[in-house]
Amino acid sequence: MSQTKAQLISGTSSQSVTFNDATISSLNGGALSGARNRIINGDMRIDQRNAGASVTPANGAFTYVVDRWNYYVSQASKLTSQQSSVAPTGFSNSLLTTSSSAYSVLAADSFVLVQFIEGLNVADLGWGTASAQTVTLSFQVRSSLTGTFGGAVTNSAQNRSYPFTYTISAANTWESKTVTIPGDTTGTWLTTNGKGLALWFGLGVGSNSSGTAGVWAGANYLSATGATSVVGTNGATFYITGVQLEAGSVASPFERRDYGRELIMCQRYYQQWGGNTNFERIGNAYCHSSTQARADIVLVVTMRSTPTLTVSANNHWAVEIAGSAPVCNNITLDQASPRIASTNLDVASGLTAGQGCHIRAENTSSARFNLSAEL
């Protein structure tokens with residue numbers, strides 16, 4: 001059957017189109033590029049917070065290392081993590097986990113790497129309905145250990161989970177892994193800007209949070225029973241990159257988005273100002289009183305939700321006005337939305353109400369303004 005150019009461009013034809021060795025059945029039947037991979041920063045290139053520095057995850061809290069990837073650990077000082085330049089062919093970075101001791105995991109322990117995926121980005125999968133789609137997870141992994149490793153997918157309430165396993169056959173060698181996960185037809189899976197689903201990689205998970213691989217469970221399992229514990233061997237290493245989660249039962253090549261687009265996707269959840277040079281100016285403000293300046297920071301991209309603010313230290317920042325720069329003693333959000341952060345900067349004295357001023361770092365390149373709308 002012949003097809004017009006318009007049909008080929010719009011993808012309205014139901015016939016397959018063959019161009020040399022590429023066959024395309026429909027240009028609008030699915031995402032050809034830019035949206036196949038539901039994982040953000042799967043190649044670990046973006047590291048706004050730490051710029052490659054080593055991080056020790058905090059006990060009992062989620063600790064971000066590279067963008068969108070964070071750790072939960074139930075015991076302190078058992079592992080460190082950082083962005084690494086050790087990577088397989090075709091990649092420039094990976095995420096490295098290094099065990100800090102030979103720790104015997106207890107039943108209630110969990111040492112896990114996780115990415116939370118926004119519900120808006122997985123709504124089309126139809127999980128929790130009779131039309132739930134199968135997904136395929138693929139990634140590149142390397143470890144000093146060999147054996148069976150585990151992970152899981154869970155919902156936001158963590159009362160539905162699918163543990164999975166994969167095998168690392170050779171030590172210190174990059175290997176490609178693929179896991180096919182049937183869509184869950186039950187449970188509640190958010191399709192809002194909340195946690196749509198979570199992808200976990202176990203680094204040492206106790207029996208309380210480990211379940212049978214390959215089946216859906218009405219429980220909070222973060223890994224599979226019997227999986228290798230990375231934290232169980234002192235100095236053990238675990239590298240991962242090229243992580244992709246896509247609809248369908250076949251793994252396609254890793255979707256390579258340009259750096260600028262990937263950064264913007266990360267900035268929906270986290271944005272950072274400062275950290276470039278000493279005395280860096282990051283925005284204009286006005287003096288509300290003799291002891292307070294106010295600044296409206298227009299966010300780089302619209303964030304997932306109204307962000308929270310943290311700063312490296314209050315005294316890392318000053319209000320620069322008419323040749324002087326009183327140092328801040330308190331910095332808070334006044335009014336904020338996903339598009340703008342109105343900030344109060346308090347100083348002891350030295351401002352003149354109504355005058356314009358700058359937000360300026362002190363004599364340190366460590367000054368940071370951090371805005372987070374993470375899941």
Side-chain angles (χ1 to χ4, degrees), residues 41 46-55 58 61-68 70 83 193 259-375:
N41 200 29
I46 313 296
D47 187 9
Q48 294 185 81
R49 291 172 178 83
N50 304 301
S54 180
V55 175
F62 289 100
T63 302
Y64 281 86
V65 185
V66 297
D67 279 61
R68 305 297 303 121
N70 64 104
Q83 184 189 56
N193 68 340
Y259 185 91
R261 179 171 180 176
E262 203 76 33
L263 176 60
I264 287 171
M265 293 174 74
C266 292
Q267 288 172 330
R268 176 169 171 78
Y269 305 92
Y270 181 84
Q271 297 182 27
Q272 184 177 91
W273 283 262
N276 296 305
T277 62
N278 298 2
F279 306 113
E280 177 183 3
R281 296 186 182 97
I282 66 166
N284 298 322
Y286 81 98
C287 297
H288 180 67
S289 69
S290 63
T291 59
Q292 185 180 85
R294 291 183 175 177
D296 291 336
I297 299 176
V298 179
L299 304 179
V300 178
V301 298
T302 299
M303 301 192 79
R304 180 190 65 86
S305 63
T306 298
T308 57
L309 170 69
T310 59
V311 296
S312 52
N314 289 320
N315 63 6
H316 282 176
W317 295 96
V319 177
E320 187 177 49
I321 177 173
S324 65
V327 175
C328 295
N329 55 42
N330 193 37
I331 302 173
T332 58
L333 279 183
D334 178 22
Q335 298 176 352
S337 76
R339 293 193 176 108
I340 195 165
S342 297
T343 309
N344 293 336
L345 301 99
D346 297 331
V347 301
S349 62
L351 307 182
T352 301
Q355 288 193 357
C357 53
H358 290 116
I359 308 172
R360 194 202 74 180
E362 279 294 89
N363 188 18
T364 173
S365 60
S366 298
R368 300 283 197 284
F369 257 67
N370 309 309
L371 287 163
S372 175
E374 294 285 3
L375 288 156

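Note that the numbering runs from 1 along the sequence shown for the chain.
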Looking only at non-hydrogen atoms, find the nearest pair between [X] and [Y] and report the distance.
X	Y	value
Gln83	Val66	CB-CG1, 3.6 Å
Arg268	Thr302	NH1-O, 3.8 Å
Thr306	Ser337	OG1-CA, 3.7 Å
Cys287	Thr352	CB-O, 3.1 Å
Leu371	Met303	O-CE, 3.5 Å
His316	Ser366	ND1-O, 3.9 Å

Measure the shortest side-chain to side-chain distance between [X] and [Y] over non-hydrogen atoms and say whether it is less than 4.5 angstrom.
X	Y	value
Ile321	Pro326	yes
Val300	Gln271	yes
Ser305	Pro307	no
Val319	Leu351	yes
Asp334	Arg294	yes
Thr343	Leu333	yes
Leu375	Arg304	yes

Going by the rule ring pair (Phe, Tyr, Trp, His ring centres under 6.0 Å), which residues pair with Phe369 if we only count those two or more places apart in sequence or in a different chain?
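Only Trp317 meet the ring pair (Phe, Tyr, Trp, His ring centres under 6.0 Å) criterion with Phe369.
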
Between the side chains of [X] and [Y], is a donor N or O closer than 3.5 angstrom to an acceptor N or O?
X	Y	answer
Gln267	Tyr269	no
Asn41	Asp67	no
Glu374	Tyr64	yes
Asn70	Thr63	no

What distance separates [X] [atom1] from [Y] [atom2], expressed to the nearest 0.5 Å?
X	Y	atom1	atom2	answer
Arg261	Cys266	CZ	SG	12.0 Å
Asn344	Leu309	CG	CG	10.5 Å
Thr310	Asn370	OG1	CG	4.0 Å

Expected output: side-chain [X] to main-chain [Y] donor-acceptor under 3.5 Å:
X	Y	result
Asn50	Val65	yes
Gln48	Tyr270	yes
Asp296	Ser342	no

Checking Asn330 now: which residues fulfil side-chain hydrogen bond (donor to acceptor under 3.5 Å, both in side chains) with it, not counting sequence neighbours?
none

Qualifying ring-ring contact (aromatic ring centres under 6.0 Å, His included) pairs with a residue from residues 322-349, counting only residues at least two apart or across chains:
none

I need the full list of ring-ring contact (aromatic ring centres under 6.0 Å, His included) pairs touching residues 279-306, with sequence neighbours left out, sorted by first then second residue.
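For residues 279-306, and leaving out neighbouring residues, there are no ring-ring contact (aromatic ring centres under 6.0 Å, His included) pairs at all.
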
Taking only distance into account, with no hydrogens and no angle test, what donor-acceptor pairs under 3.5 Å do side-chain atoms of residues 353-361 form with protein atoms, sequence neighbours excluded?
unit_1 : atom_1 : unit_2 : atom_2 : d
His358 : NE2    : Asn284 : OD1    : 3.3
Arg360 : NH2    : Glu362 : OE1    : 2.7

Under the criterion side chain to side chain contact (heavy atoms under 4.5 Å, CB included), which of Glu262, Arg68, Met265 is the partner of Ile46?
Glu262

Report the C-alpha separation of Asn329 and Asn314 in whole Å, then their side-chain angles, then the decisive distance to 0.1 Å, and conclude whether the side-chain hydrogen bond (donor to acceptor under 3.5 Å, both in side chains) test is met.
CA-CA 5 Å; Asn329 55 42; Asn314 289 320; over 6 Å; no

Mind checking what makes salt bridge (charged side-chain N to carboxylate O under 4.0 Å, His left out) contact with Arg281, not counting sequence neighbours?
Glu320

If you apply the rule side-chain contact (heavy atoms from CB on, under 4.5 Å), what do you find for Thr277 with Ser365, and how did you get there?
CA-CA 5 Å; Thr277 62; Ser365 60; over 6 Å; no

